[in-house]
K.L.:
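Sharing a structure below in structure tokens format, with a few things to ask.
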Amino acid sequence: MYPTVAEVLALPVLRHGRPHVVAGAIGLGAYVRWVHVAEVTGIAHLLKGGELVLTTGVALPDDEATLTRYIDELAAVGVSGVIIELVRHWNDELPGALVRAADRHGIPLVTLSRETRYVTVTESVNGMIVDAQVAELKAAERVHEVFTALTVSGAEPEAVLREVARMTEQPVVLETLSHEVLAYDAAGTDPGDLLTGWLTRSRTIQLGERTGYHPGAGWLVTVVGARGHDWGRLVLVCPDTPPHRHRVVAERAASALAVHRLVAKDTDSLERQAHRAVLCELLGSPVPSAELLARASALAVPLTGQLVGVAIRPRPTATGLPAVSTGPMLRELAEATALAARRARVRALVATVDETTVRALISLSPEANPDTVLHRLATDIHETRAPSVVAVGTTVDGPADARRTLVEAAHVAAAALRTDVKRVFHRLDDVRLRGLLQLLATDERLEAFAARELGPLLSRDAATGSRLMQALRHYCEHGGNKSAAAAAAHTSRTAYYQQLARIEQVLGVQLEDPESMLSLYVALLAHDTLITHS
């Protein structure tokens, strides 16, 4: 909003006077709030700070003690600089006491070797200040308009941060009160440099006000929250002291983010969204980038040590069909999983990455026992309201294999849904043939095999409304025991035997042949796998 002393000295009216900085050059970046012309020494009590004092020196004394006291008093009230003409009182140079005192306080002391129209200087500088204030007001009005529109439209945090970065041209980060990065915009800088070591750096920055600037870190920080509930901080990374406009931008952005959280009740939390972004990138990137590793670390989940993929899916319904995984159900399950991870004191990325499954990537120290941690985690998850299948992948030793353990856990979870075996958590070894079929679910040859084996039966059921597929399923699941299969189907033996005979007729096979029964049972499992995977 205000020009600096250096900018004032660059004005034509002052350049005409041939300005020379004889002391206090370190203070040339100080802001000039106003210009004050004064010829006497006792003026400090009339000033408020930030003034640039202009004088011809005609009324200033020559004794060193008075001149020293003159500068000391001006420094005490915070003047931004002193300009003295070398025309009427001193012609060649200023007294040493003035120079030494100005240097000691870092106040720019400037001489003019030509007579200068001070009235023109005051008009020019004060005009600059007024123009800057008007521009600042217009900018503030624009900030108000932009963030009001973002708030009304329910803009996502990424859109809000993008606007902050555009308006300030500085990187911006949204973090939790635990200093985990929820979203960021690097404003064209390297995201890795911005996020590396974020947790450690952020924990050291504590301000006692809702919005404040920490000059040591170069951070403008404002608290994010509403209705007395604070949940995050917005950090604008600016090495130099930010102008007032940047504070306005940060505070309006914080308000927009707080409102978004209040109204976005039917969406994932910002934490889950941040976790999902990292998990999706891990699943899509064979080799994680340095930026991705920094983002995970900024979420307090370093991708080092032992990594274990976890997949959680709601249990099938009583009909034997997969449960319908509604958005609210999965969001509740994701939050329950995140809470279980905190209770188990493990670091984990947790989010829903599709419409059926909650994914998690557990980060353990090299000394931790994965089985012990996973048992505690899964037990806690099972105590939630929705019965779930918890599946885990192979424990791996670095981010390069994170995708493998995540994918494996998802395959195991899908296979475990079709079994009646209740375990605290399932591994690939536990799902056996179903697990293998899940791994082959994207292979066209598996689909072709299931179609060859069961196609005529599926067509017959669709055309006549018969339930031959279900009858075959009971027969295979009971190992060819017709009496047990009939009882499971709640059908009389006579009627059930007739169904089996019809199956043999439609498929042209003998069900009592072990190889035929095995082939059909594998085809049934493959059919179930393909339905689950689609």
Side-chain angles (χ1 to χ4, degrees), residues 1-136 240-241 243-244:
M1 183 181 300
Y2 300 111
T4 64
V5 175
E7 290 170 338
V8 170
L9 295 179
L11 289 172
V13 64
L14 281 172
R15 288 207 310 272
H16 173 78
R18 295 179 181 176
H20 177 60
V21 181
V22 297
I26 193 174
L28 287 174
Y31 291 107
V32 178
R33 188 183 59 80
W34 207 247
V35 175
H36 191 87
V37 180
E39 298 294 350
V40 295
T41 57
I43 62 165
H45 68 284
L46 300 176
L47 306 178
K48 296 181 179 180
E51 292 89 354
L52 180 63
V53 176
L54 308 180
T55 180
T56 63
V58 67
L60 295 182
D62 289 312
D63 66 287
E64 293 189 351
T66 304
L67 291 175
T68 299
R69 185 168 61 253
Y70 169 64
I71 296 296
D72 289 345
E73 290 175 350
L74 292 179
V77 297
V79 299
S80 57
V82 179
I83 296 179
I84 303 177
E85 272 188 358
L86 292 179
V87 176
R88 291 175 174 79
H89 188 175
W90 299 294
N91 300 113
D92 297 323
E93 61 182 17
L94 296 177
L98 273 176
V99 176
R100 290 191 296 272
D103 250 339
R104 186 171 69 254
H105 292 291
I107 295 177
L109 183 61
V110 182
T111 60
L112 299 175
S113 58
R114 286 181 176 178
E115 187 176 45
T116 303
R117 293 173 60 87
Y118 279 171
V119 65
T120 305
V121 173
T122 57
E123 288 176 348
S124 299
V125 177
N126 294 342
M128 287 177 65
I129 294 171
V130 171
D131 289 345
Q133 288 174 333
V134 171
E136 192 75 10
D240 299 323
T241 302
H244 177 72

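All values derive from a computational prediction rather than experimental measurement.
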K.L.:
Compare every heavy atom of Ser113 with every heavy atom of Arg18, then report the nearest pair and how far apart it is.
P.N.:
CB-OG, 3.3 Å
K.L.:
Mind checking whether Leu14 and Leu112 have side chains closer than 4.5 Å, heavy atoms only?
P.N.:
yes
K.L.:
Please report the closest heavy-atom contact between Ala23 and Val99, naming both atoms and the distance.
P.N.:
CB-O, 3.6 Å
K.L.:
For residues Leu11 and Val121, determine if any side-chain heavy atom of one lies less than 4.5 Å from a side-chain heavy atom of the other.
P.N.:
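No, their side chains stay 4.5 Å or more apart.
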K.L.:
Please check if the number of heavy atoms outside Asp92 that lie under 6.0 Å from its CG is greater than 12.
P.N.:
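Not buried by this count: 12 neighbours or fewer within 6.0 Å.
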K.L.:
Measuring from Thr116:OG1 to Arg15:CZ, what's the distance to the nearest 0.5 Å?
P.N.:
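With rounding to 0.5 Å, OG1 (Thr116) is 12.5 Å from CZ (Arg15).
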K.L.:
For the CG atom of Leu74 and the CG atom of Leu109, what is their distance to the nearest 0.5 Å?
P.N.:
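One gets 10.5 Å once the value is rounded to the nearest 0.5 Å.
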K.L.:
Mind checking salt bridge (charged side-chain N to carboxylate O under 4.0 Å, His left out) for Glu64 and listing every partner two or more places apart, or none if nothing turns up?
P.N.:
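Result, salt bridge (charged side-chain N to carboxylate O under 4.0 Å, His left out) vs Glu64: Arg100.
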K.L.:
Not counting sequence neighbours, which residues clear salt bridge (charged side-chain N to carboxylate O under 4.0 Å, His left out) with Glu115? List them please.
P.N.:
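So Glu115 forms a salt bridge (charged side-chain N to carboxylate O under 4.0 Å, His left out) with Arg88.
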K.L.:
If I compare all heavy atoms of Tyr2 with all of Glu7, which pair ends up nearest, and what's the gap?
P.N.:
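Heavy-atom minimum between the residues: O-OE1, 4.5 Å.
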K.L.:
How would you list, by chain and number, every residue that makes a side-chain contact (heavy atoms from CB on, under 4.5 Å) with Thr68, sequence neighbours excluded?
P.N.:
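With sequence neighbours excluded, Thr68 shows a side-chain contact (heavy atoms from CB on, under 4.5 Å) to Asp72, Ala97, Ala101, Arg104, given in chain and number order.
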K.L.:
Pairs under 3.5 angstrom only: tabulate donor-acceptor contacts from the side chains of residues 37-50 to other protein residues two or more places apart or in another chain.
P.N.:
unit_1 : atom_1 : unit_2 : atom_2 : d
Glu39  : OE1    : Thr55  : OG1    : 2.8
Glu39  : OE1    : Thr56  : N      : 3.2
Glu39  : OE1    : Thr56  : OG1    : 2.9
Glu39  : OE1    : Gly57  : N      : 3.4
Glu39  : OE2    : Thr56  : N      : 3.1
Glu39  : OE2    : Thr56  : OG1    : 3.0
His45  : ND1    : Gly42  : O      : 3.4

K.L.:
Kindly determine whether Trp90 and Leu98 satisfy side chain to side chain contact (heavy atoms under 4.5 Å, CB included), including the steps that lead there.
P.N.:
CA-CA 12 Å; Trp90 299 294; Leu98 273 176; 4.1 Å; yes
K.L.:
Which atom pair, heavy atoms only, marks the closest approach of Leu60 to Ile84?
P.N.:
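Of all heavy-atom pairs spanning Leu60 and Ile84, the closest is CD1-CD1, 4.4 Å.
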K.L.:
Please name the pair of heavy atoms, one in Ser80 and one in Pro108, separated by the smallest distance, quoted to 0.1 Å.
P.N.:
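Closest approach of Ser80 to Pro108, heavy atoms only: O-CD, 3.2 Å.
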K.L.:
For Arg69, check salt bridge (charged side-chain N to carboxylate O under 4.0 Å, His left out) against everything at least two apart and list the hits.
P.N.:
none
K.L.:
Given the rule in the side chain to side chain contact (heavy atoms under 4.5 Å, CB included) test, do Val21 and Val5 qualify, once you have shown the distances and angles that lead to the verdict?
P.N.:
CA-CA 11 Å; Val21 181; Val5 175; over 6 Å; no
K.L.:
Under the side-chain contact (heavy atoms from CB on, under 4.5 Å) test, which residues partner His20, sequence neighbours left out?
P.N.:
Val22, Thr111
K.L.:
Over all heavy atoms of both residues, which pair between Arg114 and His16 is shortest? Give the atoms and the distance, please.
P.N.:
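So the minimum-distance heavy-atom pair works out to CD-O, 3.1 Å.
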